[in-house]
Number of protein chains: 2
Amino acid sequence: MRQNRDVTDEVLELLKQSNLRLTAPRLAVLEVVEHEGKHQDAEFIEQAARQKLGSLSRQAVYDNLNAMVAAGILRRIEPAGRPALYETRVGDNHHHLICRQCHKTVDINCAAGVKPCLQPNDDHDFVIDEAEVVYWGLCPDCQTEN
Amino acid sequence: MRQNRDVTDEVLELLKQSNLRLTAPRLAVLEVVEHEGKHQDAEFIEQAARQKLGSLSRQAVYDNLNAMVAAGILRRIEPAGRPALYETRVGDNHHHLICRQCHKTVDINCAAGVKPCLQPNDDHDFVIDEAEVVYWGLCPDCQTEN
DNA sequence: CGCACTATCTTGACTTTGTCCAGATAGTGC
DNA sequence: GCACTATCTGGACAAAGTCAAGATAGTGCG
């Protein structure tokens, strides 16, 4: 089965490079993350991908999400106290802005663009490879609701 | 019972202001977070506080940690994929640097010092109150172990 | 095309981290 | 010393995700 009409050649290439096979569950998960709106959690992805396929195990969803994060095809963000979210925009090291109330999540462009975009004054002799930034606040809708 | 010899008057004042009573479990939890080393998780705090008191329920630990975080006496950080950590240094909006391998966590002074220390180019009309930064890397020990 | 190799999927139990609930206990202000 | 209610206890429960073992199915190669 190759319903890869919705998956770019670039991504197919990435999958191949990581020895990741083109399975129906994998492509379904990928399409959900790419097209069903950004920053979805595993629960949503599971439901949507299962609907596409008819049936799909939870484990296949987690396996695929983990495999594709490891391969650099997806990016995972883990906001404090919330389930992990997945997105396809990788490689530009952008950041995230999350509403404290409704948890709406939007991308924030990173001025530097490359990791680590920030350098601490004192690195404690660590080798730092990433500066992860989460902005917290209230979205326009939640501001007026108070 | 008032074994508050190890708790500063300043903290006692903060507790009082938040209607937080001076209970043995509360003081034990506070002392652990203040003195047993920074950036400990709930599990460690529970063990250490229970040892101080003889017995202590898990729920009391979580209740106290949550209450004191809400009161601004403790700060909670939640590194991706890890249990929450607690620390007493509040009010200076410092950041954290975490080893990807052993999870050693150290404070990173924030240049600005006040929240939000970073402002995105485009705030999407959110009201942003905090920029949370986590630096990820390898600590000196874990660099050499490879 | 057909085979073998092994990545992936399925099912279902399990783990970790933490919350909810109800009743008993104990600080605190007056 | 009392009342008021914050807090503690014990135990069930919940969310998010992992582990394990066997069945299934992509893929490269001949």
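In this text the structure is predicted, and so the values were computed from the model without any measurement. Below, read A as the first sequence line, B as the second, and so on, with proteins coming before strands; counting in each chain starts at 1.
In the set D:dT9, D:dT27, C:dG27, the nucleotide with an atom closest to the side chain of B:R21 is C:dG27. Considering only the side chain of B:Q59, C:dT19 comes nearest among D:dA20, C:dT19, D:dC4.
As a whole-Å value, the separation of A:H103 NE2 from D:dA16 P is 11 Å. The distance from atom CG of B:D41 to atom P of C:dT17 is 7 Å, rounded to the nearest whole Å. Atom CG of A:N64 and atom C1' of D:dG17 are 15 Å apart (whole Å). Rounded to an integer number of Å, the gap from CG of A:D63 to C1' of C:dT6 is 15 Å. Here the C1' atom of nucleotide C:dA7 and the CG atom of A:L27 are 14 Å apart, to the nearest Å. Counting to the nearest Å, the C1' atom of C:dG18 and the CZ atom of B:R82 are 16 Å from each other. Distance CD (B:E78) to P (C:dG18): 7 Å, rounded to an integer number of Å. Atom CD of A:E43 is separated from atom P of D:dG17 by 10 Å (rounded to the nearest Å).
In this model, the phosphate group of D:dG26 is not approached by any side-chain N or O of A:N19 to a distance below 4.0 Å at OP1 or OP2. Between A:Y62 and D:dG17 there is a side-chain N or O to OP1 or OP2 distance below 4.0 Å. Close to C:dA7, at under 4.0 Å from its OP1 or OP2, lies no side-chain N or O of A:T23.
C:dT28 is paired with D:dA3 under the Watson-Crick or G-U wobble criterion, all donor-acceptor distances under 3.5 Å.
Rounding to the nearest 0.5 angstrom, the gap separating the CG atom in B:D141 from the NZ atom in B:K104 is 4.5 Å.
Side-chain contact check for B:H95 and B:N109: no donor-acceptor pair (N or O, by modelled atom type) lies under 3.5 Å. If you check the side chains of A:E43 and A:Q47, you find a donor sitting under 3.5 Å from an acceptor. In this model, no donor atom of one side chain and acceptor atom of the other lie less than 3.5 Å apart for A:H96 and A:E132.
For B:R58 against C:dG18, a side-chain N or O and a base N or O form a donor-acceptor pair under 3.5 Å.
Nucleotides of DNA chain C nearest to B:L20 and B:R76 differ in position, and the one nearer the 5' end is that of B:R76.
Taking the side chain as every heavy atom from C-beta outward, A:R100 and B:D129 approach each other to under 4.5 Å.
Using a 4.0 Å heavy-atom distance criterion, A:A84 is classed as a sugar-phosphate-only contact.
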